[in-house]
Number of protein chains: 2
Amino acid sequence: MVQKKKTAPALPEADATSAVKRRGRPRAYQPDVALGKALDLFRKDGFAGTSLDDLSAATGMNRPSLYGAFGDKRELYIKSYQRYRDDARAAMVDIFRDELPIRQRLERIYGLALGIYLSGEAGPRGCFTVMTAASEAVFDPEIRGLVLEGFSEFDKAFAGCFRRAMEKGELTTSVDATVLAHLASATIHTIAIRARAQVPRKELEAIVKGAIDVMVGARAK
Amino acid sequence: MVQKKKTAPALPEADATSAVKRRGRPRAYQPDVALGKALDLFRKDGFAGTSLDDLSAATGMNRPSLYGAFGDKRELYIKSYQRYRDDARAAMVDIFRDELPIRQRLERIYGLALGIYLSGEAGPRGCFTVMTAASEAVFDPEIRGLVLEGFSEFDKAFAGCFRRAMEKGELTTSVDATVLAHLASATIHTIAIRARAQVPRKELEAIVKGAIDVMVGARAK
DNA sequence: CTTTTTTTGTACCATTTCGCATTTAATTCC
DNA sequence: GGAATTAAATGCGAAATGGTACAAAAAAAG
């Protein structure tokens with residue numbers, strides 16, 4: 001605690017504010033990093049299962065600092081969730097935009113999703129949106145709004161994929177793109193839940209493969 | 001508290017044990033009823049969100065009695081979950097056994113599921129299996145086992161339906177029954193989760209309808 | 001060097017939590 | 001009616017929790 005980072009005489013943060021020297025005692029933490037740690041904890045144990053002490057230990061910030069930086073526990077949870085969504089979106093956006101054949105697009109999306117859901121040192125962590133939907137979203141309208149936004153974001157992205165595939169003649173137009181999109185989201189949800197219950201990756205991949213086969217209209221194994 | 005049920009000189013319980021008079025002070029509660037109340041609470045607030053005081057208030061039993069009857073909180077949760085599964089199974093078993101056309105079977109199954117997931121005075125409660133998978137199943141191997149059992153029970157029941165439909169020539173055999181079953185389960189999961197986030201019934205029914213259309217191979221709206 | 005500003009670190013508080021020990025009540029058996 | 005048995009009711013206690021008050025520390029500004 002003696003030769004610390006020496007505050008930040010040009011710290012590599014993309015923090016919009018305060019590119020110049022701040023006035024008082026310098027922060028001993030990096031907000032981004034701390035938020036990432038908080039997210040990890042929340043994903044592992046959920047809102048109720050994560051105490052401020054846990055968060056304090058994981059971030060290295062003591063409780064009053066946590067408070068000052070992120071607000072109370074609920075606010076920290078919300079910020080963590082937004083961070084999660086931002087990360088996921090950043091990872092997905094390229095794939096959703098790339099002009100790959102529909103099957104490959106879906107394969108890449110699910111591959112990425114599995115990576116996210118199965119990660120975690122203390123066992124797979126599933127999808128934070130799904131976990132939040134099952135818990136906090138019930139009583140907290142603001143959180144619920146975010147979750148619904150998350151669902152709809154996926155639904156729309158999938159629908160766009162299918163619509164594009166239909167335009168390109170890859171897919172029959174006899175099934176509505178929205179219907180396929182909901183099936184695609186359902187597949188996301190089922191693997192998220194099953195991952196959380198430690199269903200092995202192989203099985204999840206098999207589920208994904210089968211779902212893709214049906215969605216792209218494959219009629220043979 | 002004076003003219004109570006007079007213990008049980010032929011109480012209408014299917015309790016295997018003690019059909020005859022018990023020895024000491026009679027119970028002031030009916031285990032079945034109390035367990036139902038506990039289940040309601042757990043479904044609403046989850047394990048961590050439900051305190052023993054809440055359970056005590058809801059069941060009318062004080063904490064020591066709860067303890068004596070069901071064990072500690074975790075055991076009570078497990079018993080509640082088993083009760084949930086038993087109830088759901090009892091409600092579903094007829095439909096899964098009836099020899100209806102596949103589409104009608106699926107419609108009835110999902111209708112029932114929606115009824116379960118959307119019920120609850122304080123908002124829809126979703127599927128307890130899914131909720132448990134997202135929370136307790138992560139760290140508790142015994143609970144996880146039950147949840148996996150729940151998933152597999154649904155998978156198998158659906159697979160049986162599809163297999164039967166194929167035998168009867170209602171469905172093409174070009175898609176594996178297991179694949180369709182996983183899609184059917186995925187649809188269960190997605191409506192469970194979305195219900196919990198208060199997606200309106202209409203939307204859920206639309207998702208179900210679309211999924212059924214695809215699963216039974218309907219190629220037109 | 002002093003003041004001002006911002007953050008850290010310690011300690012504390014009120015509340016809630018789970019679990020149990022003990023006493024009191026209601027019933028059957030003798 | 002008295003002993004035995006079973007359950008209810010009260011209440012305690014130790015631990016954890018979310019949140020905050022307050023003083024010490026580290027920097028910039030004057």
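Naming convention: chains lettered A, B, ... in sequence-line order (proteins, then strands); numbering from 1 in each chain.
Distance CG (Leu55(A)) to P (dG19(D)): 11 Å, rounded to an integer number of Å. Here dG19(D) presents its C1' atom at 13 Å from CD of Glu75(A), a figure rounded to the nearest Å. Remark: P of dA9(D) and OH of Tyr67(B) are 19 Å apart, rounded to the nearest angstrom. If you take CG of Asp45(A) and P of dT17(D), they are 11 Å apart, rounded to a whole angstrom. The distance from atom CZ of Arg27(A) to atom C1' of dA25(D) is 17 Å, rounded to the nearest whole Å. Taking atom CG of residue Leu66(B) and atom C1' of nucleotide dT17(C), one finds them 14 Å apart after rounding to whole Å. Per the geometry, CG belonging to Asn62(A) stands 17 Å off P belonging to dA23(D), to the nearest Å. In this structure, Arg74(B) atom CZ and dC18(C) atom P are separated by 15 Å, rounded to whole Å.
The only member of Phe42(A), Phe47(A), Tyr81(A) that meets ring pair (Phe, Tyr, Trp, His ring centres under 6.0 Å) when paired with Phe128(A) is Tyr81(A).
Remark: Arg89(A) engages Asp86(A) in a salt bridge, criterion side-chain N to carboxylate O under 4.0 Å. With respect to the salt-bridge test (charged N to carboxylate O, under 4.0 angstrom), the residues Asp87(B) and Arg83(B) qualify.
When every heavy atom of Ala211(B) is checked against every heavy atom of Val179(A), the shortest pair comes out as N-CG1, 4.4 Å.
Judged by distance alone with a 3.5 Å cut-off, no donor-acceptor contact links the side chain of Arg25(B) to the base of dA8(D).
Ser56(A) comes within contact range of no nucleotide atom at all, as no heavy-atom separation falls under 4.0 Å.
Here the nucleotide nearest the side chain of Arg63(B), chosen from dG19(C), dA8(D), dT6(C), is dG19(C). Distance from the side chain of Pro64(B) is smallest for dA9(D) among the nucleotides dT8(C), dA9(D), dT6(C). Among the nucleotides dT6(D), dT4(C), dA9(D), the one closest to the side chain of Arg23(B) is dT6(D). Checked against dG9(C), dC20(C), dA26(D), the side chain of Pro26(A) finds its nearest nucleotide in dA26(D). For Asp53(B), the side-chain atoms get nearest to dT17(C) when compared with the rest of dT17(C), dT20(D), dT17(D).
In terms of position on DNA chain D, the residue among Gly24(A) and Asp72(A) whose nearest nucleotide sits closer to the 5' end is Asp72(A).
Under the 30°/60° scheme for interplanar angles, the aromatic rings of Phe96(A) and Phe154(A) are found to stand perpendicular.
Close to dT7(C), at under 4.0 Å from its OP1 or OP2, lies no side-chain N or O of Ser65(A).
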